[in-house]
Protein chains: 2
Amino acid sequence: MSNQQILLIDDERGISDPLSYALRKEGFEVTCSYDGQDGLRRAQSLLPDLIILDLMLPLIEGLEVCRQLRGDPRTREIPVLMLTARTEEIDEVVGFNMGADDYVTKPFKMKPLVQRVKALLRRPHLKEQSVDVVSRQGITLDRLHHRAVAEESELPLTPTEFKLLWTLLRQPGRTFNRNELMDASRGEDANAFERTIDVHVRSLRQKLGARAVLVETVRGVGYRFRDEPHESIPPEAAAI
Amino acid sequence: MSNQQILLIDDERGISDPLSYALRKEGFEVTCSYDGQDGLRRAQSLLPDLIILDLMLPLIEGLEVCRQLRGDPRTREIPVLMLTARTEEIDEVVGFNMGADDYVTKPFKMKPLVQRVKALLRRPHLKEQSVDVVSRQGITLDRLHHRAVAEESELPLTPTEFKLLWTLLRQPGRTFNRNELMDASRGEDANAFERTIDVHVRSLRQKLGARAVLVETVRGVGYRFRDEPHESIPPEAAAI
DNA sequence: TTGCCCCTTCACCAAATCTTAACCGCTACG
DNA sequence: CGTAGCGGTTAAGATTTGGTGAAGGGGCAA
């Protein structure tokens, strides 16, 4: 029981069985569930370290399960890896902005999937690592498909704008100075006119429309993505 | 930018100037010092994230500076990058085991040096890495997010005010003279009208409202942040 | 090659912020 | 009391910073 626990919710035994086998061989403790309702119940009682969730499920479908997981404070933080059958479904997932942390399309290779699982589990607090989807405040970025969605409607971002937003979105609330944004958006390269960032930010804001306010200017420093939900900054924690 | 701060101690302007320029362009906040004594003082008031130290210095030579930095608990953990003129000197330095964290021989290329600097800063140093959050008496400063919070409500500080408060807050009870506060808030530049600080202190106090008393005036010397584990902060007087 | 898209610069403006300097009142001390 | 020194206040002027419109260049596909 000292191992990490994974809850696998999928009704297709053809998927479920080999996957659970593979995961167990990697040393994980795997619990299987074959429909949404049961999966949800187990998630809430087990509080596993990770949930692998099929999009198409009997009784309650995957998206709804995901939504409910996110709605419950006990399960809110558990990483969810979504399995989808068709590529188009991804759009749906991304579009509904259900907060899956990553997803994989079926059919999938076992190795890469296990890798993704490990990556998600390795991530302790920071939302980083090899996550391909980031989603905040109604904006979802998928860097695999290079798609940006804001509340159903797709955002036609240019590569630079995308990387910029990706960087900001990955660490909401953190302020980045123009240099950081510079080499985040433009690979390496280094020295360019810092103000270039401003121009990109501008066009980004234009495309974000009403959501433009989420990209905040921190005068004298740089930019940051608004991060409101929680307020708690460790009070007396980091004293010298 | 109240981002990472570097103290550069080197008397050769031919080295010092271009290096500080390069580092600033990378987004660091650089303070220069041109002799060992001054450098040591500044290190203790600034508590920078990194110190670049020339081995050959007027007044107090580099090794001695390094030794004293290591002897002071406040500066003990700050990474030191040593600059030496000749390769043989490195052996000497290493031999004395003064605890420099890295060495670079002059002449050096700018790029690699900046790389080393970044590496040192990235490294989760001995204990905990550089402090990004400071919190005292109900006031919390977070330089990563660039947020100042006093009892739930956010303080809209200007960059200078932020740095000022950051400096005071990091060493509560310690009195800083106006020069120290000057180069803490004004990154470099040095001798401007000292009274400028007074004006900043005033606007800082205004924004602190009831907590203004925490920024104390030490007549004839400078300012300090109140340290005493104070009991109750004025209850109703919160309005400005 | 042309046209289009995207990135980068540049110039200009308004707003935010910093500095300076003058004026005041308070405090310490004979 | 009287005075010098020091910090508090204020307001105006100087400077910095970010927003914006537009021009120029490069890459790429038609």
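Small disclaimer: the values here were computed from a predicted structure and weren't measured. Below, chains carry the letters A, B, ... as their sequence lines are ordered, and counting in each starts from 1.
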Distance-only side-chain donor-acceptor flag, B/Asp183 / B/Thr31, under 3.5 Å: no
Rounded distance in Å - CG (A/Leu181) to P (C/dT8): 13 Å
field: Under-4.0 Å salt bridge between B/Asp72 and B/Arg76
entry: no
statement: Nucleotide by nucleotide, nucleotides 21-30 of chain C touches protein heavy atoms under 4.0 Å in the pattern (B base, S sugar-phosphate only, - none) B-----B---
message: If you compare every side-chain N and O of B/Thr196 against the phosphate oxygens of C/dT20 (OP1, OP2), does one of them come in below 4.0 Å?
response: yes
- prompt: What's the CD-C1' distance between B/Gln206 and D/dG7, to the nearest Å?
  reply: 15 Å
- prompt: Would you say B/Thr217 reaches D/dC6's phosphate, i.e. side-chain N/O to OP1/OP2 under 4.0 Å?
  reply: no
- request: Rounded off to whole Å, could you give me the CD-to-P distance for the A/Glu161 and C/dC5 pair?
  value: 14 Å
query: Once you round it to whole Å, what is the distance between P of D/dC6 and CG of B/Asn177?
result: 14 Å
Short side-chain N/O contact from A/His200 to OP1 or OP2 of C/dC6, under 4.0 Å: no
task: Check whether any side-chain nitrogen or oxygen of B/Thr160 sits under 4.0 Å from OP1 or OP2 of C/dC18, and answer yes or no.
output: yes
- request: Measure the distance from CG on A/Leu204 to P on C/dC6 and round it to the nearest whole Å.
  value: 14 Å
field: D/dT17 OP1/OP2 closer than 4.0 Å to side-chain N/O of A/Tyr223
entry: no
- prompt: Salt bridge check: are A/Asp227 and A/Arg136 linked by an N-O gap of less than 4.0 Å?
  reply: no
- prompt: Do the charged groups of A/Arg174 and A/Glu180 touch, with an N to O distance under 4.0 Å?
  reply: yes
- prompt: What integer distance in Å separates A/Lys163:NZ from C/dC7:C1'?
  reply: 11 Å
Rounded interatomic separation in angstrom, taking CD from B/Glu216 and P from D/dG8: 12 Å
Phosphate OP1/OP2 of D/dT9 contacted by B/Arg205 side-chain N/O (<4.0 Å): no
task: For the side chain of B/Asp198, starting at C-beta, report the closest nucleotide among D/dG19, D/dT9, C/dC7.
output: D/dT9
- prompt: Taking CZ from B/Phe162 and P from D/dT17, how many angstroms apart are they, rounded to a whole number?
  reply: 17 Å
field: Interatomic distance, B/Leu168 atom CG to B/Leu204 atom CG [nearest 0.5 angstrom]
entry: 7.5 Å
field: Exam field: side chain B/Asp49 to backbone B/Gln5, donor-acceptor pair closer than 3.5 Å
entry: yes
- prompt: Is the closest basic N to carboxylate O distance between A/Arg147 and A/Asp142 below 4.0 Å?
  reply: no
- request: Determine whether any donor atom in the side chain of A/Arg202 lies under 3.5 Å from an acceptor atom in the base of D/dG21, or the reverse, and answer yes or no.
  value: yes
task: Tell me which of A/Ile197 and A/Lys207 sits closer to the 5' end of DNA chain C, going by the nucleotide each one is nearest to.
output: A/Lys207
- prompt: Does the side chain of A/Thr158 get closer than 4.0 angstrom to OP1 or OP2 of C/dC7 through an N or O atom?
  reply: yes
statement: Which of B/Leu155, B/Val213, B/Leu214 passes side chain to side chain contact (heavy atoms under 4.5 Å, CB included) with B/Leu208? It is B/Leu155
